[in-house]
Amino acid sequence: MTKKLNWTVRITFVLYLVYVYLTVYRLNSFYSFLLLNTFLAYIPIEISMHLKAKQPKLLYWGLFILWLLFYPNAPYVITDLFHLARMNPYDPLNGLMSFNLHKWLNFTNLVTSAFACSIVGTWSLEHVAQTLQARFKLRGWGARNLLVLILTLASSIGIYVGRFLRLHTAYLFLEPDAVVKQLIEMWSPRMLIFVIFMTIIQLSIWAAMTIGRLLINQYDQQNNLL
């Protein structure tokens, strides 16, 4: 991203966080968790903006580890969509979807957070893969796709840890022994199946973004629009 785009993303997320605070958190809504979850999801996006392939090793790998620890927070917000089940959108009298603006506000907030965090987070993922590819001098789409797959698998494991072990990234620094013990004991066939599900979702978003970008660029080139 250029500096201009970086600041566009920053300002947009800040404005959205203010919006969530005013429309959800300040009203002590059940969905107040969106404020914290969206903020945590933004952290790896900000870190990735400072990650560059030609940085000194200590700086680069320090930022990379921080990004890796916080990145699962971005796609994690997708799992918040399960809370849509609390809305009971259908009118019991006629079975039709009710026109309740308060419910639609909650729907809008949940979906917006999930889409924004996962899509911009996916840009973050690919940017990090690009920097790794450049540092290790790996060429071609095959190397890029493999790096994306590895990072996505790691992210899916992080989503499981956050959703079911209820461990935030900060716990690694506050209670490292307890965290390591739970991480060692968490492995099971069911856990691995969940990781596969989350990987499919994340790769689907990445593939859709990649194909869309390629098609748009191709059309622009063919029609000399840029």
Side-chain angles (χ1 to χ4, degrees), residues 1-2 5-6 8-10 12-13 16 34 37-53 60-61 63-82 84 109-164 169 191-221 226:
M1 281 192 188
T2 63
L5 283 175
N6 286 347
T8 299
V9 171
R10 288 187 185 112
T12 301
F13 266 91
Y16 180 70
L34 276 178
N37 286 3
T38 304
F39 172 74
L40 291 174
Y42 175 72
I43 291 175
I45 295 169
E46 179 64 35
I47 293 172
S48 66
M49 292 179 187
H50 301 276
L51 200 61
K52 297 177 175 58
Y60 177 85
W61 291 113
L63 288 172
F64 173 79
I65 291 172
L66 276 178
W67 176 85
L68 191 62
L69 290 174
F70 281 97
Y71 176 69
N73 291 308
Y76 174 91
V77 183
I78 296 174
T79 67
D80 286 337
L81 291 176
F82 264 107
L84 290 170
N109 292 340
L110 279 170
V111 173
T112 299
S113 291
F115 282 9
C117 295
S118 59
I119 291 173
V120 184
T122 300
W123 164 83
S124 167
L125 172 77
E126 183 156 5
H127 173 68
V128 171
Q130 286 176 316
T131 63
L132 288 170
Q133 193 176 7
R135 286 191 76 92
F136 289 109
K137 298 180 180 179
L138 303 173
R139 295 185 178 276
W141 278 99
R144 174 79 57 79
N145 295 346
L146 179 60
L147 289 169
V148 167
L149 175 60
I150 293 171
L151 294 173
T152 301
L153 283 169
S155 170
S156 297
I157 294 171
I159 294 172
Y160 176 87
V161 170
R163 177 53 71 187
F164 296 106
T169 308
M191 175 266 187
L192 293 175
I193 292 172
F194 175 85
V195 167
I196 292 172
F197 289 161
M198 291 299 101
T199 300
I200 291 171
I201 292 173
Q202 292 182 79
L203 289 180
S204 297
I205 296 172
W206 172 75
M209 288 177 59
T210 301
I211 293 170
R213 183 172 64 246
L214 290 174
L215 291 174
I216 291 171
N217 291 341
Q218 183 184 59
Y219 188 86
D220 286 339
Q221 292 173 2
L226 294 178

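Predicted model, so just to flag it, every value in this text is computed and none were measured.
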So, do [X] and [Y] sit near enough that their side-chain heavy atoms are less than 4.5 Å apart?
| X | Y | result |
| --- | --- | --- |
| Q202 | S156 | yes |
| T152 | W206 | no |
| N37 | N73 | no |
| I201 | P75 | no |

In Å and rounded to the nearest 0.5 Å, what is the [atom1] to [atom2] distance from [X] to [Y]?
| X | Y | atom1 | atom2 | result |
| --- | --- | --- | --- | --- |
| I205 | I78 | CD1 | CD1 | 3.5 Å |
| C117 | I45 | SG | CD1 | 6.0 Å |
| I150 | L132 | CD1 | CG | 9.5 Å |
| I196 | L203 | CD1 | CG | 11.5 Å |
| W123 | Q130 | CH2 | CD | 9.0 Å |
| Y60 | T131 | OH | OG1 | 3.0 Å |

- side chain to side chain contact (heavy atoms under 4.5 Å, CB included) partners for I47, two or more places apart: I43, L63, L66, W67, F70
- Between L151 and L68, does a side-chain contact (heavy atoms from CB on, under 4.5 Å) hold up when you go through it step by step? CA-CA 8 Å; L151 294 173; L68 191 62; 4.1 Å; yes
- F13 vs Y42 aromatic rings, parallel, tilted or perpendicular, using cut-offs 30° and 60°? tilted
Between the main-chain N or O of [Y] and the side-chain N or O of [X], is there a donor-acceptor pair closer than 3.5 Å?
| X | Y | answer |
| --- | --- | --- |
| T112 | N109 | no |
| Q133 | G140 | yes |
| T12 | T8 | yes |
| S113 | L110 | no |

Taking all heavy atoms of [X] and all of [Y], pick out the closest pair and write down the distance.
| X | Y | value |
| --- | --- | --- |
| A129 | L147 | O-CD1, 3.5 Å |
| S124 | Y71 | OG-CD1, 4.3 Å |
| V195 | T199 | O-OG1, 2.7 Å |

- Any pair counted as salt bridge (charged side-chain N to carboxylate O under 4.0 Å, His left out), so long as it reaches residues 130-149, sequence neighbours left out: E126-R144
